[in-house]
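Below is one structure; the comments refer to it alone.
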Amino acid sequence: MWLDPHRPRPFAFVSHGHADHFARHQRVLCSPGTGHILVKRYGVKASKIEALDWGEQRIINDHHITLHPAGHITGSAMIRIEGPDQSILYTGDFKTRSSHTAEIAEFPKSDILIMETTFGRPQFVFPPTDEIEKQISRFACETLEDGETPVFFAYSLGKAQEALAILHNAGIETVVHKTVFEMTQACREIKVDLPNPVLLEKNIPPGVAVIAPPNAVRARAIRSHKKRRTAMLSGWALTPGSQYRYQVDQVFPLSDHADYPGLLESVEKVSPSLVYTLHGSTREFARDLRAKGIEAWSIYGDDQLELLESASPEIPLKSELSRPTSDLRGLSELLESLTTTASRLKKIELLSIFLQDCNDEELPFVTRWLSGSGITHLGHVMIRQALLEVTGFPLAKYKTVSASQNDTARTARLLLEEAPLNPLAHSFKEVATHFDQLRTADGSIAKTQLFSCFLQQCHPAEGETMVRLLTGGLRAGAKEGLYEEAVAKAFNLSPSDIRYAAMLTGDLGEVAIAAKNKTLDQIQLRPGKPIKPMLASPSENTEDIIKWHDSKDIPLWLEPKYDGIRSQLHVTPNGAHLFSRDLRSLDNEFPEILEAARALPSCLLDGELIAYAEGKRLTFFDLQKRLGRKKIQGDLFLGAAIPVRFIAFDCLYAQKSLIDSPLEERRKALESLELLDPFTTIPLIRSNGTDIKALEREFKKAMSDDNEGLIAKNCLSSYQPGRRGQSWKKLKGVMPTLDCVVIAAQQGHGKRAGVLSDYTFAVRDKESGELRTLGKAYSGLTDNEIEDLTDHFQKTTIEKISRRVVKVEPTIVLEIAFDKIRPSKRHDSGLALRFPRIKAIRSDKSLDEIDTLQTAKKLV
DNA sequence: TCTGATGCGTC
DNA sequence: GTCGGAC
DNA sequence: GTCCGACGACGCATCAGA
């Protein structure tokens, strides 16, 4: 018999109904209350459950087994196993204080005690429960009086019911999230004295409090409710930074675990001769017991997601740490306000004021940092390493914190708050120098070292900002467009002028300084300086294209959409250059193209690089082999094996800038260049803009020529760099689909951190009968669908594969659309999809109706 | 020296 | 590349 | 309509660890 095992076992004791203590065992021993919860929460078959009443005795292999209330949540039990020589008590999770929904804990005397020590450090002393309850009620009342909604986050089983009882006793009307609703009903069914719960519908009615599980922080009904004040109910409220960690307005230390005095008290009652400790501060608590003359050892395994050790006394807490006023601090504070305000206008206002305060030297690079360029990024592995160096924490601790955050920057801040730091003031210039050093440092070890030294001199908040900047994940809800408007506002210019200049340079920093000095008009297009390519908006079908064109008099211009690499060819008297879609230089990768371009006059061409050999186009994957190469070495060989052509479809400069000229004129300029191999001009179809049949024919032809589809262009439009405007439309082929079953689900990042957002799907191999994975997808589902699926997958989890991934029962059939299917080593089907997306959740289909590997292979 | 994990940039 | 959500 | 941030597979480079 296993005790609370994480993996499915033939026979296991399950102490209570929380997910971290449960797996799909063949037979389960538990209290009747827990048994009922397992049925309701995880859909466990009642026949698999062997319930044992409090004090009732069972004999298994000559051992007397009894269960005793643990006081953690409804039904939570300790198990006592008495053998011929000695007795063992395993506590599961427990608490010593009384509560509204859990039975009062009993501590039978035993020789060996295996106990949980989640809060096994002396600083964990919870205030009296009635005191906490009063605070909670007061928070709810005050919030309601202010016309706002109090929202409590609490585990859906246990804490949520406590909260419901507390609010009910205080006479506060409460609505609860779906999972809380279900768990409350389950508790009521086993005679726990709780008010009838009211389910939270789409919108929160006025005058009520809300109880939701912590992972509903991002649920739509709650997020969209602006007038809310949030509170987290957790014992971790006692740790520094918890309010920040949970991103709530308030935290209350309402806990279902024993605090430090409670742990000691329970050891005393059991009076064991040997203690093993589990969860949380296992080593510390065992050490404390040994100091009292009780033999005690920790069983390693800090598998509790929420675990966060508190600062040791010699390290100053966050509040005591000085936070020097500095440029960097200003930037931190700016980012913080940007993140918290949803209003676009407000963000622009904040940014513009900030930019006005920068001097000429700072302005360009600060603008670049904010708009996400000009910083070499550090990967999260290097950042993790630097954090471990500064804090001296073990990797396990990083992982625990990171698992609860899913955000490197926030993880950094939490860890730094417990680290011995020496915050100094940092000017922008110093920060810029540091970024430079990081960029030029050789190797990841040197970079890590540099960064950890810098972090040591940062206040945690500034450390977080540095990490945000270095990971590029500002998550401030602002990108290019908004920054352009901010620059315009800061220097009193029109946003369109700023945008135009930004299009030309692709460097907002340069634009900002020009704006400040009123020299914007000096920014002009010229070959050698890359500009952002114009993009096409997608359209559904040929009908859309006709509707969009909407003209009898103007021809509809069509070009095939090649499957290559978008690139810009700049030819100047001093040499030629190639740039990629995001303005990276491709010069090293395609030297033979540059060589050939020397024969061309000065010009700037927009086009597509494609792989082409022996009169035939090769695939994108062939072409990709030539990307990312650092050394020119072997280029001769590669150039021969995978020759490349540049297919030009636009000309932005020929003697003068043609950016503002209509496409017609640009095309003329392009044709007058009379390009020769390896340069070609894209075939152009000047079609009648009203004949849908003709359009269909052209589209079919483009597809049968192995193109991705067609690009439709308005021949009178100017070139709009960097915008996915309406002057160009793309039309792609109808995608094939396969019906697949989900076999694993993965936790998301950022705004998808509380949900299982990413699904591994599989098809059936007819030969072996096995399921074979084909790929992963999330794209295509709405937030609500993801929430529902998360719920479903939590209930149908078979086992935890890794920190983020769970294996689930194959119950959900998805219709997966994709562009192409091809052989691959990534998945065990030996196939992979290009651009997979979820077209539909096929709840009408069952596992035996999914597509087969053999069908999939035919589509290759 | 090889391999797998990670980062980065292309679609 | 894909997509949904927010403004 | 437009921007933004969640994500897919693939190929090359780099680095840690076998």
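Lettering follows sequence order; numbering is per chain, from 1.
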Around atom CD of A:E543, are there more than 12 heavy atoms from other residues, nucleotides or ligands closer than 6.0 Å?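 Counting other residues, nucleotides and ligands, CD of A:E543 stays at 12 neighbours or fewer.
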
Measure from the side-chain heavy atoms of [X] and tell me the nearest of [options].
X      : options              : result
A:K751 : D:dA6, D:dG8, D:dC10 : D:dA6
A:K732 : D:dC7, D:dG8, C:dG1  : C:dG1
A:K730 : D:dC3, C:dG1, D:dG5  : C:dG1
A:D758 : D:dG8, C:dG1, D:dG5  : D:dG8
A:H749 : D:dC7, D:dC12, C:dT2 : D:dC7

Starting from [atom2] on [N], measure out to [atom1] on [X] and report it in whole angstrom.
X      : N      : atom1 : atom2 : answer
A:D783 : C:dG5  : CG    : P     : 5 Å
A:L623 : C:dG1  : CG    : C1'   : 15 Å
A:K825 : B:dT3  : NZ    : P     : 11 Å
A:N588 : D:dC12 : CG    : P     : 16 Å
A:R804 : D:dA6  : CZ    : C1'   : 14 Å
A:L535 : C:dG1  : CG    : P     : 7 Å
A:L508 : D:dC3  : CG    : C1'   : 15 Å
A:L774 : D:dA9  : CG    : P     : 10 Å

Classify [X] by what it touches in the nucleic acid, base, sugar-phosphate, or nothing, heavy-atom distance under 4.0 Å.
X      : value
A:R837 : sugar-phosphate
A:L781 : sugar-phosphate
A:S537 : nothing
A:L833 : sugar-phosphate

Distance-only, no hydrogens or angles: does the [X] side chain make a donor-acceptor pair with backbone N or O of [Y] under 3.5 Å?
X      : Y      : answer
A:S539 : A:K730 : yes
A:N707 : A:A702 : yes
A:R842 : A:D739 : no
A:Y759 : A:L756 : yes

For a quick test of reading the model: is some side-chain N or O of [X] closer than 4.0 Å to OP1 or OP2 of [N]?
X      : N      : answer
A:S824 : D:dC10 : yes
A:R826 : D:dC10 : yes
A:Q726 : D:dT2  : yes

Validation row: A:L738, A:F761 side chains within 4.5 angstrom (heavy atoms):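 With C-beta onward as the side chain, the pair stays apart.
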
Should A:E589 and A:R584 be marked as a salt bridge (charged side-chain N to carboxylate O under 4.0 Å, His left out) after you check the CA-CA gap, both sets of side-chain angles, and the distance that decides it? CA-CA 11 Å; A:E589 279 113 313; A:R584 205 177 59 84; 3.2 Å; yes

Decide salt bridge (charged side-chain N to carboxylate O under 4.0 Å, His left out) for A:D765 and A:R772; before the verdict, give the C-alpha distance in whole Å, the side-chain angles of both, and the deciding distance to 0.1 Å. CA-CA 6 Å; A:D765 179 358; A:R772 300 273 180 224; 3.8 Å; yes

Steps toward salt bridge (charged side-chain N to carboxylate O under 4.0 Å, His left out) verdict (A:K732, A:E708): CA-CA 6 Å; A:K732 297 186 80 168; A:E708 281 196 296; 3.4 Å; yes

Taking only N/O atoms, report every protein-nucleotides 4-6 of chain B pair under 3.5 Å with atom names and distance.
none

Which whole number of Å gives the distance between the P atom of D:dA6 and that of B:dC11?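 Nearest-Å result for D:dA6 against B:dC11 at atom P: 22 Å.
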
Each nucleotide N or O in nucleotides 9-11 of chain B that has a protein N or O under 3.5 Å away: list the pair and distance.
| from | atom 1 | to | atom 2 | distance (Å) |
| --- | --- | --- | --- | --- |
| B:dG9 | O3' | A:R584 | NE | 3.1 |
| B:dG9 | N2 | A:Q624 | NE2 | 3.0 |
| B:dT10 | OP1 | A:S580 | OG | 2.5 |
| B:dT10 | OP1 | A:D582 | OD1 | 3.4 |
| B:dT10 | OP1 | A:R584 | NE | 3.1 |
| B:dT10 | OP2 | A:D582 | OD1 | 2.4 |
| B:dT10 | OP2 | A:D582 | OD2 | 2.9 |
| B:dT10 | O2 | A:Q624 | NE2 | 3.2 |
| B:dC11 | OP1 | A:R566 | N | 2.9 |

A:G722 or A:H827, whichever maps to the more 5' nucleotide of DNA chain D: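 Residue closer to the 5' terminus by nearest nucleotide: A:G722.
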
Is NZ or CZ of A:R822 both nearer than 6.0 Å to the six-membered ring centre of A:F621 and within 45° of the ring axis?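 Geometry flag: set, cation within 6.0 Å and 45°.
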
Identify whether NZ of Lys or CZ of Arg in A:R368 sits under 6.0 Å from the centre of the six-membered ring of A:F435 and within 45° of that ring's axis.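 No; the conditions do not both hold, so A:R368 does not lie above the ring face of A:F435.
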
